[in-house]
2 protein chains.
Amino acid sequence: MTDTPGYRPLYRQVYDIIVRKVAQGVWRPGTSLPSEQSLAREMGVSQGTMRKVLDALTAENLLERRQGKGTFIAENTQERALFRFFRLARPGGKRLTPERVDETVKVRVARAAERTKLDLARGERVVEIVRTRLIEKRPAIRELIILPAALFPGIEKRPSLPNSLYSLYQSEYGINIVAAHEELSAQLATAEDQQLLEISEGDAVLVIERLAVSLQERKVEWRASRVRCSDLVYAVTLN
Amino acid sequence: MTDTPGYRPLYRQVYDIIVRKVAQGVWRPGTSLPSEQSLAREMGVSQGTMRKVLDALTAENLLERRQGKGTFIAENTQERALFRFFRLARPGGKRLTPERVDETVKVRVARAAERTKLDLARGERVVEIVRTRLIEKRPAIRELIILPAALFPGIEKRPSLPNSLYSLYQSEYGINIVAAHEELSAQLATAEDQQLLEISEGDAVLVIERLAVSLQERKVEWRASRVRCSDLVYAVTLN
DNA sequence: GAGTGGTCTAGACCACGCA
DNA sequence: GCGTGGTCTAGACCACTCT
């Protein structure tokens with residue numbers, strides 16, 4: 001029951017068509033779209049309306065437009081994807097990038113909590129990824145990542161995973177992450193935190209739980225990160 | 001040296017004029033603007049261009065448009081301002097609202113760190129506000145707030161402060177907060193935290209440092225909040 | 001110079017709120 | 001029924017990129 005509008009503006013319909021084409025992989029990331037003019041003709045709308053659509057999609061990071069060149073499906077390059085969702089920085093603002101150090105990947109049946117988070121049915125399988133990440137050569141983040149196995153066939157057989165998983169999701173599995181809901185809290189470091197993040201007893205860690213949502217509005221990844229925050233902060237700007 | 005564009009689109013010029021009028025208080029929050037048509041005539045641009053400007057300002061939360069009624073300068077009502085920048089929630093998503101319980105306000109000379117954060121000169125004075133806030137009747141947040149005294153004359157003499165300070169800044173001092181940069185980290189609760197937030201030794205607290213920026217792009221408020229996070233999280237959505 | 005997106009215009013008609 | 005914002009159109013010209 002999605003709030004029957006009773007009236008659906010043209011530009012909304014065209015918008016949905018384009019989103020669907022990208023979601024279904026008809027248009028691949030990095031490739032260019034036809035020009036504003038030809039798209040407009042093709043879909044039977046005016047150039048002004050088509051422009052409104054393309055501008056909206058650009059604002060939502062799904063497209064990129066470059067004057068004189070064309071309109072392109074946004075690509076989650078390593079750097080881009082990292083900076084888009086990775087919020088850790090030095091106090092004062094300097095952005096940082098993590099390096100992956102080791103990981104274990106396995107497939108197993110989803111637990112109750114995971115089924116709830118990811119809208120899975122009883123008995124469905126998930127991929128579990130556990131990894132530690134370094135920032136400037138020091139252990140900084142312990143991550144537990146849960147994915148619905150059905151969406152990522154064979155991912156556990158890959159020899160290694162890239163630092164930014166979201167570019168992998170996009171290029172290999174056709175899944176575009178467009179939003180992430182994060183919940184942060186503070187906890188006392190556990191014994192395991194102390195060992196793996198090389199911190200002391202009595203230190204606190206920042207715990208970040210993330211639910212990532214795809215273009216098709218499906219809950220695609222659940223992630224819990226435990227962060228050493230001796231000289232790291234989570235930086236965000238609210239508008 | 002702001003990146004001389006050498007070319008300044010019409011809509012950008014009009015945009016700046018309107019921002020300036022709001023910033024200078026020519027148009028007051030809550031009041032309505034002239035219609036699109038008359039504004040366009042007044043400024044000598046087409047209605048389409050004026051619409052582009054008004055839509056952009058609406059997207060930035062400076063204006064509100066209501067079909068059939070008109071265009072209004074956005075007002076930081078108590079609720080609005082709270083939900084815009086207050087990110088604490090129950091795990092799982094339920095938004096919460098805090099209540100103020102007590103506060104002390106004094107004016108003093110700025111310390112070095114404060115001068116840096118707020119771009120103040122040596123010897124300038126600041127307002128220091130210390131308060132505790134409750135969530136569902138339990139102490140949840142300890143806040144230290146620093147303001148440049150020059151921007152908030154007489155604020156220390158007010159009998160009490162509202163729960164949402166930003167609506168006060170706007171209505172009484174003509175200062176519109178449009179963005180907040182936040183940096184989060186986790187710390188072990190201090191003895192004072194334990195007492196005032198009613199938590200135990202060895203608990204961790206979430207520390208949120210915020211720098212709030214006004215429409216005139218001036219750094220207007222620096223705030224450090226210490227949050228009991230036994231059943232609270234900081235919730236944010238990244239796009 | 002040809003092709004792309006970016007800006008700007010002028011005007012028509014639709015949906016909404018209110019008196 | 002009038003005035004407001006919301007949608008849609010058709011067309012002109014400007015700025016950027018590449019060849």
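Quick note on labels: first sequence line is chain A, next is B, and so on, each numbered from 1. Side-chain atoms are counted along with the backbone in the values below, which use heavy atoms only and exclude waters and symmetry mates.
- Straight-line distance from the CD atom of B:Q37 to the P atom of D:dT4: 9 Å, rounded to whole Å.
- The closest side-chain heavy-atom distance from B:N176 to B:S214 is not below 4.5 Å.
- With C:dC8, D:dC18, D:dT9 as the candidates, the nucleotide lying closest to the side chain of A:L10 is D:dT9.
- Counting distance only, with no hydrogens placed and no angle test, the side-chain atoms of B:R65 and the base atoms of D:dG6 include no donor-acceptor pair under 3.5 Å.
- Looking at A:R51, its side chain comes within 3.5 Å of the base of C:dG6 through a donor and an acceptor atom.
- Rounding to whole angstrom units, CZ of residue B:R8 and P of C:dC8 are separated by 11 Å.
- A 4.5 Å side-chain heavy-atom check between B:I145 and B:L165 finds at least one atom pair inside the cut-off.
- When distances are taken from the side chain of B:D55 to each of D:dG6, D:dT17, C:dT7, the shortest belongs to D:dG6.
- Rounded to an integer number of Å, the gap from CD of B:Q47 to P of C:dG11 is 11 Å.
- Considering only side-chain atoms of A:V45, the nucleotide from D:dT9, C:dC8, D:dT17 that sits closest is D:dT9.
- The separation between A:R12 atom CZ and C:dA15 atom P is 18 Å, rounded to whole Å.
- Of the candidate nucleotides D:dC8, D:dT7, D:dG5, D:dT7 has the atom lying nearest to any side-chain atom of A:K52.
- Checked against C:dC18, D:dC8, C:dT9, the side chain of A:S46 finds its nearest nucleotide in D:dC8.
- In this structure, the OH atom of A:Y15 is 18 Å from the P atom of D:dG6, given to the nearest Å.
- Taking only side-chain atoms of A:T71, from C-beta outward, the nucleotide of C:dG5, D:dC8, C:dC16 with the closest atom is C:dG5.
- Of the candidate nucleotides D:dC16, D:dT7, D:dT9, D:dC16 has the atom lying nearest to any side-chain atom of A:Q67.
- For the pair B:T49 and C:dT7, the criterion of a side-chain N or O lying under 4.0 Å from OP1 or OP2 is not met.
- The distance between atom NZ of B:K69 and atom C1' of C:dA15, rounded to the nearest whole Å, is 15 Å.
- At a cut-off of 3.5 Å, with distance as the only test, a side-chain donor of A:R65 or A:T71 sits close to an acceptor on the other residue.
- For A:E36, counting side-chain heavy atoms from C-beta on, the closest listed nucleotide (D:dT7, C:dG5, D:dT17) is C:dG5.
- For A:N61, the side chain to side chain contact (heavy atoms under 4.5 Å, CB included) test picks out A:R84, with sequence neighbours left out.
- The separation between A:F72 atom CZ and C:dG3 atom P is 16 Å, rounded to whole Å.
- When rounded to the nearest whole Å, the span between CG of A:L54 and P of C:dT4 equals 13 Å.
- Residues A:L211 and A:K219 approach most closely at CD2-CD, 3.8 Å, considering heavy atoms.
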